[in-house]
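See structure below.
Please read all numbers here as calculations on a predicted model, not as lab measurements. First the proteins, then the strands, lettered A, B, ... as listed; each starts at 1.
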Amino acid sequence: MARILITSAIPYINGIKHLGNLVGSQLPADLYARYMRARGAEVLFLCATDEHGTPAELAAAKAGKPVDQYCAEMWAVQAELAQGFRLSFDHFGRSSSPQNHRLTQHFAGKLAEAGLIREVSEKQVYSHADKRFLPDRYIEGTCPNCGYDKARGDQCENCTKQLDPTDLINPRSAISGSTDLEVRETKHLYLRQSAMRDELSAWIDSKADWPVLTTSIARKWLNDGDGLQDRGITRDLDWGIPVKKGDQPWPGMEGKVFYVWFDAPIEYIACAAEWVDAGKGADWERWWRTDKGAQDVRYVQFMGKDNVPFHTLSFPATILGSGEPWKLVDYIKSFNYLNYDGGQFSTSQGRGVFMDQALSILPADYWRWWLLSHAPETSDSEFTWEAFQQDVNKDLADVLGNFVSRITKFCRAKFGEAVPAGGAYGPQETALIADLQARLDRYQGHMDAIEIRKAAAELRAIWVAGNEYLQAAGPWTVFKDDPDRAAAMTRFALNLIPFYAGLSAPFIPDAAASMAGAMGVDVAWPDSAEAALGALAPGHAFTVPEVMFAKIDDDTRAEWAARFSGIRG
RNA sequence: GGGCCUGUAGCUCAAUGGUUAGAGCAGAGCGCUCAUAACGCUUUGGUUGGGGGUUCAAGUCCCUCCGGGCCUACCA
């Protein structure tokens with residue numbers, strides 16, 4: 001049995017994620033996990049919150065809470081929303097877990113043993129008022145180049161020139177506004193990625209089947225300028241994983257923590273340990289250690305394009321550099337951005353629709369279907385309320401929902417609420433079975449390849465085929481002269497419902513469950529179109545389901561568009 | 001500035017260098033009456049951003065110009 005390890009980029013703890021975040025990692029990862037499970041693979045699907053770093057500390061301060069409490073609360077919020085969207089994680093962990101502390105410190109120790117860590121003494125801006133070192137972008141001042149007075153320490157947004165914080169005129173803390181700043185000497189650990197450039201480059205070159213988006217970003221970092229640069233993996237912060245060399249102290253690094261991008265991907269591994277410690281699994285190393293059973297695991301990661309450098313270079317450098325037999329990623333599925341009504345979704349500006357808001361107005365299936373069928377796979381894509389309304393009304397209500405409705409109600413009216421006996425499948429049914437088998441093969445091919453939009457289009461075509469059949473067969477007419485033949489047609493069409501439920505479940509799990517439930521069967525992936533479409537025995541009872549997808553009317557759409565047009569308060 | 005991605009029908013997107021560039025939606029017409037005024041069939045719609053080049057053959061490869069986007073290493 002195939003074994004698939006799936007991770008979604010771990011969402012940052014700072015606030016509720018918007019639909020762009022969702023469609024860029026967690027949702028497609030869930031689609032794939034559900035599909036692979038349905039196909040009989042053994043799947044471990046992991047996600048977690050990414051809790052460290054300056055923004056988490058600031059968000060906690062803003063909320064007036066200790067950072068650990070803030071993170072715990074936000075984890076609970078995100079976990080509930082993940083549940084609301086039916087994200088089927090085997091475990092939803094936390095990068096602040098003790099398991100991740102231990103493992104991150106372990107990796108650092110191994111990298112030090114391998115000579116891949118060097119200490120760097122550097123100058124950084126310290127804010128007395130904020131009592132913290134400030135990352136470059138948390139320093140504001142006047143741009144020496146263009147005079148813009150809100151230039152950041154890393155770059156001026158006005159003239160786009162790259163800056164060093166010390167270039168700024170009248171620098172101030174972006175957090176407090178304080179100008180009581182000081183340049184201090186501080187010591188940090190750097191991961192010697194440059195020493196691993198050739199190894200990483202060869203590894204990337206071996207991934208000919210990866211999306212262009214993924215490999216081109218990696219190559220850029222490998223080859224640009226002087227090539228792959230060493231990367232600082234520690235920070236002067238309070239909240240984070242204390243710098244240790246394995247379980248030993250790291251002299252000179254007291255009071256410092258690991259950089260969030262060092263410990264966050266390690267959480268993918270630690271999360272598996274959390275999964276076991278939570279009593280959900282027995283052995284996590286068989287998923288992660290190629291010397292302990294993971295040699296036949298296929299590991300697939302999902303992420304937005306901004307995450308690619310860390311997953312193609314930094315994290316692999318950590319794994320390879322450790323010298324230990326950890327599982328490396330086999331396939332990276334990366335996504336572009338989903339835009340919102342002519343601009344970007346923005347967490348910091350509160351622009352767009354956020355996960356909690358989305359669930360407050362419509363069930364998860366609406367969002368899952370629309371977002372996945374418009375996943376930004378090849379370029380940025382755009383959410384508009386008009387398109388959303390039009391697409392979900394047509395696809396879910398008219399094509400799928402109405403199909404289920406029309407055939408179950410027809411059967412109830414003519415034969416009662418049980419699969420009718422009588423008659424036999426003829427050429428029409430045989431032809432459709434062959435057509436559906438071909439479509440099923442294509443659908444599976446797209447899902448195997450994680451071609452999400454193509455898979456969605458094929459699934460939709462499979463739904464349409466049911467309506468085409470009913471129109472061509474016309475059991476309501478045939479019934480008048482040949483009730484047995486009409487019974488066979490009806491039986492055939494009823495059999496399409498469990499077939500659709502199985503195939504649709506990765507996209508719209510709740511609707512799939514209600515379809516299967518109405519037909520009195522479990523959601524199951526079909527072995528073949530022929531077997532599936534003869535599965536319901538004559539006499540098998542069913543119920544006419546409630547309206548599966550209510551339509552979004554124009555007034556409601558307009559109201560939502562207005563409600564979500566501004567900035568979230 | 002540099003790098004990468006992208007530009008195809010009104011909209012959203014397809015198309016291993018190989019017939020006449022295809023789907024869905026929207027629009028138009030017809031049909032059906034089982035159904036959530038749903039469904040089905042037919043159909044309108046293209047100088048593939050502009051220009052040049054390579055090739056027997058270019059949406060696809062090369063050059064150039066124009067537009068959009070992302071990244072550019074201390075936000076994550």
Side-chain angles (χ1 to χ4, degrees), chain A residues 9-14 50 52-56 58 122 124-125 133-139 152-155 160-162 164-165 174 188 193 211-213 215-221 223-225 228-232 235-236 259-261 264 304-310 313-314 336-337 339 344 347-348 373-374 376-382 384 386-387 390-391 393-399 401-414 453-454 456-457 460-461 464 466-477 479 486 489-490 493 544 546-551:
Chain A
I10 64 178
Y12 199 64
I13 193 71
N14 181 8
D50 178 14
H52 299 133
T54 305
L58 297 180
E122 57 193 11
Q124 280 198 316
V125 174
F133 282 94
L134 298 177
D136 290 355
R137 70 169 46 197
Y138 283 95
I139 302 161
R152 293 188 321 208
D154 56 344
Q155 187 176 36
T160 73
K161 188 179 170 63
Q162 286 188 59
D164 192 82
H188 282 296
Q193 298 184 144
V212 177
L213 181 66
T215 51
S216 65
I217 292 172
R219 290 209 173 87
K220 155 75 171 164
W221 281 54
N223 301 321
D224 193 40
L228 187 61
Q229 301 296 299
D230 294 345
R231 185 153 197 128
R235 292 289 183 274
D236 289 292
Y259 174 42
V260 55
W261 262 119
K305 58 185 167 183
D306 53 333
N307 276 248
V308 169
F310 301 98
L313 302 170
S314 304
N336 289 279
Y337 292 145
N339 290 321
Q344 288 194 353
T347 302
S348 58
S373 62
H374 293 78
E377 290 176 294
T378 52
S379 64
D380 291 356
S381 64
E382 169 135 331
T384 66
E386 290 78 7
Q390 203 169 74
D391 293 339
N393 281 354
K394 191 72 182 173
D395 297 347
L396 298 179
D398 294 346
V399 173
N402 181 57
F403 171 78
V404 173
S405 182
R406 68 192 293 198
I407 188 58
T408 52
K409 286 181 179 173
F410 176 78
C411 186
R412 181 174 62 185
K414 304 298 185 191
R453 283 184 311 204
K454 289 179 182 174
R460 187 188 187 282
V464 167
N467 285 313
E468 288 171 348
Y469 168 78
L470 282 183
Q471 184 65 34
W476 47 87
T477 304
F479 181 79
M489 290 173 175
T490 304
V544 174
E546 298 297 311
V547 169
M548 295 196 330
F549 296 100
K551 288 208 207 189

Discussion item. Just to be sure I understand the rule, does A:Val547 reach a base, reach only the sugar-phosphate, or reach nothing, if contact means heavy atoms closer than 4.0 Å?
Written reply: base
Worksheet item: Between A:Phe410 and B:C34, do the rings stack, that is, sit under 5.5 Å apart with planes less than 30° off each other?
Response: no
Worksheet, complete the sentence: Of B:A35, B:C71, B:C39, the nucleotide closest to the side chain of A:Asp398 is B:C39
Worksheet item: What is the distance, rounded to the nearest whole Å, between atom CD1 of A:Ile217 and atom C1' of B:G2?
Response: 15 Å
Worksheet item: Expressed in whole Å, how much space separates the P atoms belonging to B:G67 and B:G27?
Response: 35 Å
Discussion item. For the P atoms, the ones on B:G17 and on B:U12, what distance do you get once it is rounded to whole angstrom?
Written reply: 25 Å
Item to complete: Return the value, rounded to whole Å, for the distance between atom CG of A:Asn336 and atom P of B:G68.
Response: 17 Å
Practice prompt. Take atom CG of A:Asn307 and atom P of B:C71, then tell me their distance rounded to the nearest Å.
Written response: 11 Å
Discussion item. For a quick check of understanding: with a heavy-atom distance under 4.0 Å over all strands, which category does A:Phe133 fall into, base, sugar-phosphate or nothing?
Written reply: nothing
Practice prompt. Go through the structure and list residues passing salt bridge (charged side-chain N to carboxylate O under 4.0 Å, His left out) with A:Asp136, not counting sequence neighbours.
Written response: none
Fill in: Worked verdict on A:Met548 versus A:Val404 for side-chain contact (heavy atoms from CB on, under 4.5 Å)
CA-CA 9 Å; A:Met548 295 196 330; A:Val404 173; 4.2 Å; yes
Worksheet item: Is the base of B:A35 touched by the side chain of A:Asn402 through a donor-acceptor pair closer than 3.5 angstrom?
Response: yes
Worksheet entry | Proximal nucleotide (of B:U33, B:C25, B:C4) relative to the A:Ser216 side chain | B:C4
Fill in: Residue A:Lys220, side-chain atoms from C-beta onward, closest of B:G3, B:C75, B:G69
B:G3
Item to complete: For A:Gly53, report the nucleic acid contact type (base, sugar-phosphate, nothing); a contact means any heavy atom under 4.0 Å.
Response: sugar-phosphate
Worksheet item: Does any donor-acceptor pair link the side chain of A:Trp221 with the base of B:A73 at a separation under 3.5 Å?
Response: no
Discussion item. Students often get this wrong, so: under 4.0 angstrom with heavy atoms, is A:Glu546 touching a base, only sugar-phosphate, or nothing?
Written reply: nothing
Practice prompt. Report yes if at least one side-chain N or O of A:Arg406 is closer than 4.0 Å to OP1 or OP2 of B:C34; otherwise report no.
Written response: no
Item to complete: Measure the distance from CD1 on A:Ile407 to P on B:A35 and round it to the nearest whole Å.
Response: 11 Å
Worksheet item: Using purine N1 to pyrimidine N3 plus N6-O4 or O6-N4 for Watson-Crick, or N1-O2 and O6-N3 for G-U wobble, both under 3.5 Å, which nucleotide pairs with B:C4?
Response: B:G69
Worksheet entry | Spatial distance of atom CG (A:Asn336) from atom OG (A:Ser381) [nearest 0.5 Å] | 8.0 Å
Worksheet item: If you check the A:Arg231 side chain, which of B:G40, B:A73, B:C75 turns out closest?
Response: B:A73
Worksheet item: Using a cut-off of 4.0 Å on non-hydrogen atoms, how would the nucleic acid contact of A:Asp50 be classed: base, sugar-phosphate, or nothing?
Response: sugar-phosphate
Fill in: Contact summary for A:Arg231 and A:Tyr259, nearest pair of heavy atoms
NH2-OH, 3.7 Å
Worksheet item: Minimum heavy-atom separation for A:Ile217 to A:Lys305, with atom names?
Response: CD1-O, 3.8 Å
Discussion item. Under 3.5 Å for both donor-acceptor distances, Watson-Crick or wobble: does B:A28 have a partner, and if so which one?
Written reply: B:U42
Worksheet item: Of the nucleotides B:A38, B:C71, B:G40, which one has an atom closest to the side chain of A:Tyr337?
Response: B:C71
Discussion item. What's the gap between B:G50 and B:G45 when it is taken at their C1' atoms, as a whole Å value?
Written reply: 22 Å
Worksheet item: Just checking A:Val404: base, sugar-phosphate only, or nothing, at a heavy-atom cut-off of under 4.0 Å?
Response: nothing
Fill in: Nucleotide paired to B:A58 in any strand shown, Watson-Crick or G-U, under 3.5 Å
none
Practice prompt. Answer with base, sugar-phosphate or nothing: what part of the nucleic acid does A:Thr54 contact at a heavy-atom distance below 4.0 Å?
Written response: sugar-phosphate
Discussion item. If you only use heavy atoms from C-beta on, which nucleotide in B:C4, B:A73, B:A76 is closest to the side chain of A:Val260?
Written reply: B:A76
Fill in: Options B:G40, B:G24, B:C75, nucleotide nearest the side-chain atoms of A:Arg460
B:G24
Worksheet item: How many Å lie between CG on A:Leu396 and P on B:A35, as a whole number?
Response: 21 Å
Fill in: Nearest-angstrom distance, C1' atom, B:G59 to B:U20
15 Å
Item to complete: Determine the contact category for A:Lys551: base if any of its heavy atoms lies under 4.0 Å from a base atom, sugar-phosphate if only primed atoms, P, OP1 or OP2 are that close, otherwise nothing.
Response: base
Worksheet item: What orientation do A:Phe310 and A:Trp261 show, parallel under 30°, tilted 30 to 60°, or perpendicular over 60°?
Response: parallel
Worksheet item: Nearest nucleotide by nearest heavy atom, which residue falls closer to the 5' end of RNA chain B, A:Arg235 or A:Pro309?
Response: A:Pro309
Item to complete: Grab the CG-P distance between A:Asn14 and B:A76 for me, whole Å please.
Response: 11 Å
Discussion item. When the P atoms of B:C13 and B:A57 are compared, how many Å lie between them, rounded to an integer?
Written reply: 33 Å
Worksheet item: Considering heavy-atom distances to RNA chain B, does A:Asp306 or A:Leu228 have its closest nucleotide positioned more toward the 5' end?
Response: A:Leu228
Worksheet entry | Interatomic spacing from CG in A:Asn402 to CD1 in A:Ile407 - rounded to 0.5 Å | 11.0 Å
Worksheet item: Out of B:A76, B:A38, B:C41, which nucleotide sits closest to the side chain of A:Tyr259?
Response: B:A76
Discussion item. For the P atoms, the ones on B:U47 and on B:C11, what distance do you get once it is rounded to whole angstrom?
Written reply: 13 Å
Fill in: Same-atom distance (P) from B:G49 to B:U8, integer angstrom
6 Å
Practice prompt. Nearest whole angstrom, please: distance from the C1' of B:A73 to the CD of A:Glu122.
Written response: 13 Å
Worksheet item: Expressed in whole Å, how much space separates the C1' atoms belonging to B:G40 and B:C32?
Response: 7 Å
Worksheet item: Does any donor atom in the side chain of A:Lys551 or A:Asn393 lie under 3.5 Å from an acceptor atom in the other side chain?
Response: no
Discussion item. Within the 4.0 Å limit for protein heavy atoms, which parts of nucleotides 6-16 of chain B are touched? Write it as a string from 5' to 3', B for base, S for sugar-phosphate only, - for none.
Written reply: S-----SSSS-
Worksheet item: How long is the gap from OG1 on A:Thr54 to CG on A:Asp236, to the nearest 0.5 Å?
Response: 10.0 Å
Discussion item. Side-chain N or O of A:Lys394 versus OP1/OP2 of B:C39: is the shortest distance under 4.0 Å?
Written reply: yes
Worksheet item: If you check every side-chain atom of A:Trp476, which of B:C34, B:C75, B:A73 has the closest atom?
Response: B:C34
Item to complete: Drop me the distance from A:Glu468's CD to A:Phe403's CZ, to the nearest 0.5 angstrom.
Response: 11.0 Å
Discussion item. Measure CG/A:Asn393 against C1'/B:G24 and give the value in whole Å, please.
Written reply: 15 Å
Item to complete: Provide the closest heavy-atom pair for A:Gln193 versus A:Gln229 in the form atom of the first, atom of the second, distance.
Response: NE2-O, 2.8 Å
